[in-house]
Chemist: 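Could you have a look at this structure, given as structure tokens, before my questions?
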Amino acid sequence: MIIIGSDHGGYQMKEAVKLFLKEEGIEFDDVGTYSDESCDYPDIAKNVALKVAKSGQKGILICGSGIGMSISANKVNGVRCALCHDAYTAEYARRHNDANIIAFGGRTTGLEIAKQMVKIFLSTDFDGGRHKRRIDKIASMEGL
Ligand code: RB5
């Protein structure tokens, strides 16, 4: 189960990504927003981030640029939200950073790239090893 959310800047992209997830047979929980009407990205990022942190599932966050969503989601303990732009960043967000949320921009990313990134992000494992030590150091900064 993938937790997905966007603000108005990412709404059209979220709807397109949902169609792709359906085609791929991947279930999702859409926490909003549910229209093009203006809303505040931290509200959506918080809802997705809390569900991801609690459930251990992965999440997808989309705003205009992906920046506001990634900044916001990373405030929640246990969340590692990666702002991705291409197949490489999506792959290494998983392999090296064990990211549990992918963020990208609905206004900056083409749909085919977005679909490619989502597929890679959801199917790539964490490499572990030396990267685990670095992830633990990130966790040690929570609450500073
Ligand atoms: C909304 O206009 C826009 O600021 C938001 O979608 C996002 O890009 C912020 O980082």
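When a ligand or atom number is given, it counts from 1 through the structure's own listing order. This is a predicted model, so every value here is computed, not measured.
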Chemist: Pick out which of E24, E112, E91 makes a salt bridge (charged side-chain N to carboxylate O under 4.0 Å, His left out) with K119.
Modeler: E24
Chemist: Salt bridge or not between K18 and D30? Use side-chain N to carboxylate O under 4.0 Å.
Modeler: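 Yes, this pair counts.
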Chemist: Can you name the closest pair of heavy atoms from G68 and C63 and give their distance?
Modeler: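 Heavy atoms only, the tightest pair is N-SG, 3.9 Å.
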Chemist: Classify the angle between the aromatic ring planes of Y92 and H96 as parallel (below 30°), tilted (30 to 60°) or perpendicular (above 60°).
Modeler: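 Aromatic pair Y92/H96 classed perpendicular.
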Chemist: Measure the spacing between CG of L122 and CD1 of I2 and express it to the nearest 0.5 Å.
Modeler: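 The CD1 atom of I2 is 4.5 Å from CG of L122, to the nearest 0.5 Å.
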Chemist: Distances for all N or O pairs of ligand 1 and the protein under 3.5 Å?
Modeler:
unit_1	atom_1	unit_2	atom_2	d
ligand 1	2 (O)	R107	NH1	3.3
ligand 1	6 (O)	D7	OD1	3.4
ligand 1	6 (O)	D7	OD2	2.6
ligand 1	6 (O)	G64	N	2.8
ligand 1	8 (O)	G64	N	3.2
ligand 1	8 (O)	S65	N	3.0
ligand 1	8 (O)	S65	OG	3.3
ligand 1	10 (O)	S65	OG	3.4
ligand 1	10 (O)	G68	N	2.8

Chemist: Go through the structure and list residues passing side-chain hydrogen bond (donor to acceptor under 3.5 Å, both in side chains) with Q116, not counting sequence neighbours.
Modeler: none
